[in-house]
Amino acid sequence: MRFNTDRVLIGGANGQGKSNILEAISYLSIGKSVRGAQDAQAIPHQGQYFDIRAVCWDGPHHHQLRLFYGNQEGKKIFCDGTPLPRIADVLGIFKTVHFSPEDVALVMRFPAQRRRLLDILISQTSVPYLYDLQQYQRVLAQRNQMLKMSRGALRESDHEALDTWDTQLARLGARIRLRRLEVVGGMQGVLADHYGRLSGQRESAGISYQHSPSLEGHREPTEDMLCEDLRQEMKNRRAAELQLGHTRCGSHRDNLVFTLGGHPADTFASEGQLKTLLIAWKMAEIHVLSGDAGPGPVLLLDDVFSELDTQRSAALMELVGGFGQVVLTVPKRPGEPFCAGYEEIWLDA
């Protein structure tokens with residue numbers, strides 16, 4: 001499949017593979033399924049592998065990207081024919097922002113999915129952030145294993161070992177929290193502006209990052225402050241965590257909160273409002289990913305018009321008019337003015 005313009009509309013009835021095309025594009029951007037599926041689940045039915053290839057442009061250069069996964073061979077990724085040492089090395093070469101209507105219920109309703117949304121975004125701008133996340137999960141697993149095995153019966157030497165895990169987890173968690181706070185802080189005004197334009201200024205939207213109660217009101221906590229705060233919280237909760245057998249505090253428990261009119265959106269917003277909020281978030285993601293030199297990310301919009309009224313659909317298309325490449329899918333031709341100027345590719349034609 002070849003895209004000849006920066007505005008592409010992929011149409012076709014349900015089940016034709018429109019969403020799979022967008023997921024394949026995002027696979028080349030982040031090295032994994034944007035839906036959170038296991039690689040083996042992305043293999044076609046009765047197949048043994050998938051092989052995604054594309055040519056992308058980052059400004060001065062064209063790159064040939066390839067991601068292969070086989071049941072026997074595992075996952076491999078290539079740039080210009082050269083295998084990359086780590087899958088994460090693809091991050092930053094080709095950036096995408098992906099919207100799917102499935103994410104409205106999944107992401108907007110569950111804190112863990114909202115953290116994942118934020119982590120995917122930041123990882124595209126900072127490979128060290130991704131490495132901190134991976135290391136944090138390894139240390140967290142070790143700490144949880146010790147807590148689970150002990151169940152309140154720690155020897156003094158075990159407390160010393162747990163102190164070591166606490167120190168590592170606090171430092172990694174502090175770096176993760178600090179970067180999340182910086183990114184969310186930079187997105188607040190952009191998201192509010194985009195939501196206002198999409199909703200016709202009928203509602204006010206916001207986002208915040210909730211972490212430690214003791215530092216919640218502090219405007220600019222440092223990494224050292226966040227580290228010491230988390231270390232102290234783990235110390236205070238140690239007895240309870242030993243009884244429960246797992247870690248109850250840290251960046252893996254933090255919450256990205258969306259609000260409408262100052263109220264939590266996951267509690268009070270309608271499905272249409274949640275969808276508009278998620279679209280506004282995706283618009284703000286583009287702002288973050290376009291911060292450095294080169295073209296902005298490719299915007300992938302899967303069935304974005306469903307459940308949007310005419311006013312919000314028109315406002316959305318006006319917004320994306322100022323972005324770089326946009327690829328959207330529709331089950332049927334939306335008509336003017338929504339598809340004006342778009343190259344149309346119909347899968348069931």
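To the nearest 0.5 angstrom, Cys227 atom SG is 11.5 Å from Leu178 atom CG. Going from atom OG of Ser19 over to atom CG of Asp303 covers 7.5 Å, rounded to the nearest 0.5 Å. Taken to the nearest 0.5 Å, the OG atom of Ser123 stands 10.0 Å off from the CZ atom of Arg116. Residue Met146 holds its CE atom at 13.5 Å from CD of Glu241, rounded to the nearest 0.5 Å.
Taking the charged nitrogens against the carboxylate oxygens, Arg177 and Glu223 have no contact shorter than 4.0 Å, which rules out a salt bridge. A salt bridge links Arg143 with Asp166: the closest approach of a Lys/Arg side-chain nitrogen to an acidic carboxylate oxygen falls below 4.0 angstrom. Classification of Arg171 and Asp224 as a salt-bridged pair holds, one side-chain N sitting under 4.0 Å from a carboxylate O. Between Glu343 and Arg7 there is no salt bridge, since no side-chain N of the basic residue sits under 4.0 Å from a carboxylate O of the acidic one. Using a cutoff of 4.0 Å between basic side-chain nitrogens and carboxylate oxygens, Glu271 and Arg109 are scored as salt-bridged.
Contact annotation: the side chain of Arg114 approaches that of Asp266 to within less than 4.5 Å [non-hydrogen atoms, C-beta and beyond]. Looking at heavy atoms from C-beta onward, Ile25 lies in side-chain contact with Leu300 at the 4.5 angstrom threshold. Counting heavy atoms from C-beta on, the side chains of Leu28 and Val90 never come closer than 4.5 Å. Contact check for Glu203 versus Gln273: side-chain heavy atoms found under the 4.5 Å cut-off. Looking only at side-chain heavy atoms (C-beta outward), Phe68 and Glu73 come within less than 4.5 Å of each other. Side-chain contact between His287 and Leu191: absent, with no pair of heavy atoms (C-beta onward) separated by less than 4.5 Å. You'll find the side chain of Leu301 reaches within 4.5 Å of the side chain of Val320, heavy atoms only. Counting heavy atoms from C-beta on, the side chains of Ser212 and Asp229 come closer than 4.5 Å.
Ser29 pairs with exactly one of Val97, Thr96, Ile120 by the side chain to side chain contact (heavy atoms under 4.5 Å, CB included) rule, that one being Thr96. Exactly one of Val34, Leu278, Asp302 qualifies for a side chain to side chain contact (heavy atoms under 4.5 Å, CB included) with Asp103. That residue is Leu278.
Following chains of ILVMFWY side-chain contacts shorter than 4.5 Å, one can reach Leu172 starting from Met225, so the two form part of one hydrophobic cluster. The cluster map of Ile, Leu, Val, Met, Phe, Trp and Tyr, joined by side-chain heavy atoms under 4.5 Å apart, puts Leu133 and Leu121 in the same cluster. Residues Ile176 and Leu130 are members of separate hydrophobic clusters, defined by side-chain heavy-atom contacts under 4.5 angstrom among Ile, Leu, Val, Met, Phe, Trp and Tyr. Hydrophobic clustering (side-chain heavy atoms under 4.5 Å, transitive across Ile, Leu, Val, Met, Phe, Trp, Tyr) keeps Val55 apart from Ile93. Under the 4.5 Å side-chain heavy-atom criterion for ILVMFWY residues, a single connected hydrophobic cluster contains both Met283 and Leu308.
Heavy atoms from other residues, nucleotides or ligands lying under 6.0 Å from OH of Tyr49 number 12 at most. The neighbour count for Lys32 NZ, taken as heavy atoms of other residues, nucleotides or ligands under 6.0 Å away, does not exceed 12.
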task = Report the C-alpha distance between Phe3 and Val327 in whole Å, list the side-chain angles of each, state the deciding distance to 0.1 Å, and finish with yes or no for side chain to side chain contact (heavy atoms under 4.5 Å, CB included).
result = CA-CA 9 Å; Phe3 299 158; Val327 183; 3.9 Å; yes
ask   = Under the side chain to side chain contact (heavy atoms under 4.5 Å, CB included) criterion, do Leu147 and Thr247 qualify, and how do the steps go?
value = CA-CA 8 Å; Leu147 291 171; Thr247 305; 3.7 Å; yes
task = Mind running side-chain hydrogen bond (donor to acceptor under 3.5 Å, both in side chains) on Arg35 and Ser100 for me, showing each step along the way?
result = CA-CA 9 Å; Arg35 298 175 179 176; Ser100 169; 5.4 Å; no
inquiry  = Set out, in order, the CA-CA distance, both residues' side-chain angles and the distance that settles side-chain hydrogen bond (donor to acceptor under 3.5 Å, both in side chains) for Lys95 and Ser290, then state yes or no.
reply    = CA-CA 9 Å; Lys95 299 175 183 177; Ser290 301; over 6 Å; no
key: Derivation of the side-chain hydrogen bond (donor to acceptor under 3.5 Å, both in side chains) call for Arg138 and Gln135   = CA-CA 5 Å; Arg138 286 191 286 267; Gln135 182 63 19; 3.0 Å; yes
task = Report the C-alpha separation of Lys282 and Leu117 in whole Å, then their side-chain angles, then the decisive distance to 0.1 Å, and conclude whether the side chain to side chain contact (heavy atoms under 4.5 Å, CB included) test is met.
result = CA-CA 10 Å; Lys282 295 299 179 178; Leu117 185 76; 3.5 Å; yes
key: Asp51 and Arg66: CA distance, side-chain angles, deciding distance, side chain to side chain contact (heavy atoms under 4.5 Å, CB included) verdict   = CA-CA 7 Å; Asp51 194 353; Arg66 179 190 179 196; 2.9 Å; yes
task = Check the pair Arg2 / Asn4 against side-chain hydrogen bond (donor to acceptor under 3.5 Å, both in side chains), numbers first and verdict last.
result = CA-CA 6 Å; Arg2 181 182 180 88; Asn4 297 307; 3.2 Å; yes
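Among residues at least two apart or in separate chains, ring pair (Phe, Tyr, Trp, His ring centres under 6.0 Å) pairs with a member in residues 69-101 are Phe50-Tyr69.
Between Phe258 and Trp281, a ring centre-to-centre spacing shorter than 6.0 Å is recorded.
Nearest heavy atom pair, residue Leu230 against residue Gly173, reads CD2-CA, 4.1 Å.
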Can you give the donor-acceptor pairs under 3.5 Å from side chains of residues 179-190 to other protein atoms, not counting sequence neighbours?
residue	atom	partner	partner atom	Å
Arg179	NH1	Glu182	OE1	3.3
Arg180	NE	Asp119	OD1	3.2
Arg180	NE	Tyr129	OH	3.0
Arg180	NH1	Tyr209	OH	2.8
Arg180	NH1	Ser251	O	2.8
Arg180	NH2	Asp119	OD1	3.1
Arg180	NH2	Asp119	OD2	3.1
Gln188	NE2	Ile207	O	3.1

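Using the six-membered ring where Trp is involved, His194 and Phe323 have ring planes that are perpendicular, over 60° apart on the 30 and 60° scheme.
Partners of Arg175 according to the salt bridge (charged side-chain N to carboxylate O under 4.0 Å, His left out) rule, which considers only residues two or more places apart in sequence or in another chain, are Asp132.
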